[in-house]
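Proteins come first, then strands; the chains are lettered A, B, ... in the order of their sequence lines, and each starts at number 1.
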Amino acid sequence: KAGVTQTPRYLIKTRGQQVTLSCSPISGHRSVSWYQQTPGQGLQFLFEYFSETQRNKGNFPGRFSGRQFSNSRSEMNVSTLELGDSALYLCASMGASGDTSTDTQYFGPGTRLTVL
Amino acid sequence: GESVGLHLPTLSVQEGDNSIINCAYSNSASDYFIWYKQESGKGPQFIIDIRSNMDKRQGQRVTVLLNKTVKHLSLQIAATQPGDSAVYFCAEALGNQFYFGTGTSLTVIP
């Protein structure tokens, strides 16, 4: 079974631009979570989607948004980019039930975003 | 919010020795725990997990111990190899959401 895939793997943008990142979960998984990882920081939770609905949300500004499609693929959008948005953005998927009592979470390779 | 803390930010071990990486979690209601390994430039890789109804689980060269009394989790790596050099994260699950610590960087000395 293929793992979680993310595109693009690397991205360079300038301040003020917007960016869209894509994530394809493991086949059959319906939960997709997004995380931001920066040097010296742990994984910061952005949001989680399950069956096309945002189920959980972290403490990020409204410039960060996401969505999930009927095939469970998810996109994350960041508008009006700031220098501090430079980070590794990780996507993780969880199984068909989206329930941690039965499923586990697997990560993709991440998208490295650099904002100049 | 939840916090998952790691006792040591860095750990160096000699090749062939056993490694122990520790983690403290804050919420006694957390019922599921995962250890991840992250190599430079890659996403976190699932290593082993444990549910709160267990106190020990073994995998290939890895063992996770859970002490619910003191809310402590540890990862033991047997016969540590150079390929084990990475950052290790523990995560706790609560309400279908995961909370991560900042990670411990393990360096294996040949």
Side-chain angles (χ1 to χ4, degrees), chain A residues 1 3-7 9-10 21 23-26 29-51 53-60 87-112, chain B residues 1-10 21-27 29-54 57 59 62 64 66 73 75 86-105:
Chain A
K1 196 183 265 192
V4 180
T5 58
Q6 293 186 245
T7 57
R9 292 294 313 279
Y10 302 92
L21 312 181
C23 170
S24 291
I26 293 171
H29 284 195
R30 293 197 292 162
S31 166
V32 174
S33 294
W34 287 91
Y35 296 87
Q36 181 195 67
Q37 186 179 40
T38 54
Q41 298 289 326
L43 288 159
Q44 306 293 316
F45 174 72
L46 281 153
F47 30 66
E48 184 226 1
Y49 286 86
F50 180 75
S51 293
T53 300
Q54 188 179 86
R55 187 165 66 170
N56 289 300
K57 188 177 188 304
N59 296 321
F60 276 80
L88 180 67
Y89 289 89
L90 292 159
C91 165
S93 78
M94 197 159 63
S97 74
D99 185 340
T100 57
S101 66
T102 56
D103 297 338
T104 194
Q105 184 174 235
Y106 298 94
F107 282 88
T111 294
R112 173 73 63 186
Chain B
E2 295 300 304
S3 66
V4 180
L6 294 170
H7 291 301
L8 295 173
T10 62
I21 301 171
N22 296 304
C23 175
Y25 63 95
S26 60
N27 197 310
S30 294
D31 57 4
Y32 179 47
F33 305 87
I34 305 176
W35 279 102
Y36 290 95
K37 171 187 179 183
Q38 187 174 24
E39 296 174 275
S40 182
K42 298 183 179 180
Q45 174 190 355
F46 173 93
I47 301 173
I48 191 167
D49 59 359
I50 189 167
R51 300 203 179 269
S52 58
N53 60 350
M54 303 174 70
R57 191 154 189 237
V62 293
V64 55
L66 175 62
L73 193 69
L75 175 70
V87 174
Y88 290 81
F89 296 92
C90 65
E92 64 177 302
L94 183 65
N96 290 320
Q97 193 165 336
F98 289 92
Y99 301 87
F100 295 82
T102 54
T104 292
S105 177

Once you measure the plane-to-plane angle for B:F100 and B:F89, does it fall in the parallel (<30°), tilted (30-60°) or perpendicular (>60°) bin?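 Perpendicular, since the angle between the ring planes exceeds 60°.
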Angle between ring planes, B:Y25 versus B:F33, binned at 30° and 60°: parallel, tilted or perpendicular? tilted
Taking the side chain as C-beta and beyond, is there a heavy-atom pair between B:N27 and B:Y99 under 4.5 Å? no
Examine whether an atom of [X] lies under 4.5 Å from a heavy atom of chain B, and if so say whether it belongs to the side chain, the backbone or both; otherwise answer neither.
X      : answer
A:E48  : side chain
A:R112 : neither
A:D103 : backbone

Hey, which of A:F45, A:F50, A:F107 has the most heavy atom pairs under 4.5 Å with chain B? A:F107
Quick one: of A:V4, A:T104, A:N56, A:L90, who has the most non-hydrogen atom pairs under 4.5 Å with chain B? A:T104
Review item, side-chain donor-acceptor pairs of residues 39-46 of chain B, under 3.5 Å, at least two apart:
none

Check step by step if ring pair (Phe, Tyr, Trp, His ring centres under 6.0 Å) holds for A:Y35 and B:F98. CA-CA 10 Å; A:Y35 296 87; B:F98 289 92; 8.0 Å; no
